[in-house]
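Shown next, in C-alpha cells, is the structure this report addresses.
Note on naming: letters A, B, ... go to the chains in the order of the sequence lines (proteins, then strands), and numbering restarts at 1 for each one.
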Protein chains: 2
Amino acid sequence: MKIEAAVDRLAALAQETRLRIYRLLVEAGPEGLNAGAIAAALDIAPATLSFHLAHLSRSGLVTSRQESRFIFYAANFAAMDELIAYLTENCCQGQAVCWPRATAAVAAAAAPDAAGLIQSRKETP
Amino acid sequence: MKIEAAVDRLAALAQETRLRIYRLLVEAGPEGLNAGAIAAALDIAPATLSFHLAHLSRSGLVTSRQESRFIFYAANFAAMDELIAYLTENCCQGQAVCWPRATAAVAAAAAPDAAGLIQSRKETP
DNA sequence: CAAATATTTCGATAATTATGGAATGGTCGA
DNA sequence: TCGACCATTCCATAATTATCGAAATATTTG
C-alpha cells in the first residue's frame, strides 16, 4: 500500500461527520444503506452528505451501487484490513509483537478458543 | 473511546509528514528516537517537525520523554490498539466476522497456533 | 410526457491546517 | 556563568477543507 492511499483513507475517517457515516455503515454490514437513510439517521444535509460520501468512496473505504433510484453505500472491509496492516507493519523491525489487544479482541469474537493463546505485551511505565 | 479522540488520532495520521514520522517510530520500537534523529531521517525543518510531533503527542499516538538534552518520541502501541478496536467494533451488529485478514496476520505473528482457528468471511460479489 | 423522488453538482463563505524563518527556552560541559 | 546545542514557540502566509442553499441530473411512477 502506498503512503498516499493510506493518507487518503485516514483523512476520509479523520472528520467527525465522515467517521459517523463510516461506523454506521460498518454496523449496517455488507448490504449497506442508501444515502437518504444515512441522512435521516445522522441528520446531515443532502449536499453535505454527498460531499462526505464522495470522499469516503474515493478513498476506497466505502463502495456504492445503484438500486432502482436509491444509491446504496457499504463499508469495504478489505480496504480497512489493508489500512490496519499498513499502520501496524514493520513494528520494532519485526523483533517483537506490539499489538496484542485489539487483535485479541477481534480474534476472540472469531474464535473464542484462540483468545487465550495470544500473549500480552509488557507495560511500559 | 469517544469519537472526538478517534477523530483526533486519525487526523494525526492523515497527513503524509506525520504518517512518515509515525511509521518511523513504529519501526524504531519502544525506545523511540529523538527529534533531531527524526528530522535527519525524514529531512523535515525543525519548526515543522515540532508542529507535527505536538499533534501526534496530543492525540496520544506518540509519547515523549526527556533524556538529557534530547527529547525522545516513541509510538504508543496501546493507543493504536484502541483506535483499531474503535474502527472495527460493532461490525454487522455482531452477526458476522468481517475483519479476518490483517487481524489474522497479526494474530499469527503473536501465536501461530491461533491463526488457523480464525475463519474467513464470505465473499460479496 | 409530467410529476415526484433521490442524489449530486455548483458556488460562495467560513474555518482549519501546513510550512518555515526568526526568536526563545532549557540542558549540558568547560 | 558562558557558549553550544537541541528543541519549541511565535508569527505570517499559503493552501486545503467543511458547510449548505439552490440548481441540475437521474430514475421511477402516474
In terms of the nearest nucleotide of DNA chain C, which residue is placed more toward the 5' end: A:F51 or B:H55? A:F51

Phosphate contact (C:dA6 OP1 or OP2) by A:N34 side-chain N/O below 4.0 Å: no

Pairs of donor and acceptor atoms involving the side chains of residues 35-54 of chain B, under 3.5 Å and at least two apart or interchain, shall be tabulated with distances.
| unit_1 | atom_1 | unit_2 | atom_2 | d |
| --- | --- | --- | --- | --- |
| B:H52 | ND1 | B:R18 | NH1 | 3.0 |

Any B:H52 side-chain N or O less than 4.0 Å from OP1/OP2 of C:dT19: yes

Check whether any side-chain nitrogen or oxygen of B:Q15 sits under 4.0 Å from OP1 or OP2 of C:dT16, and answer yes or no. no

N/O (side chain, A:T17) to phosphate O (OP1/OP2, D:dA18) under 4.0 Å: no

Does D:dC6 have its OP1 or OP2 closer than 4.0 Å to a side-chain nitrogen or oxygen of B:Y73? no

Counting only side-chain heavy atoms from C-beta out, which of D:dA22, C:dA22, D:dA18 sits nearest to B:A47? C:dA22

For A:R18 and B:F70, take the nucleotide of DNA chain D holding the closest heavy atom to each; which residue's nucleotide lies nearer the 5' end? B:F70

Against the side chain of A:A45, the closest entry in D:dA18, D:dC20, D:dA4 is D:dC20

From CZ of A:R69 across to P of C:dA4 the rounded distance in Å is 12 Å

Could you tell me whether the phosphate oxygens of C:dT8, OP1 or OP2, come under 4.0 Å of any side-chain nitrogen or oxygen in A:S50? yes

With a non-hydrogen cut-off below 4.0 angstrom, is B:T48 in contact with a base, only sugar-phosphate, or nothing? base

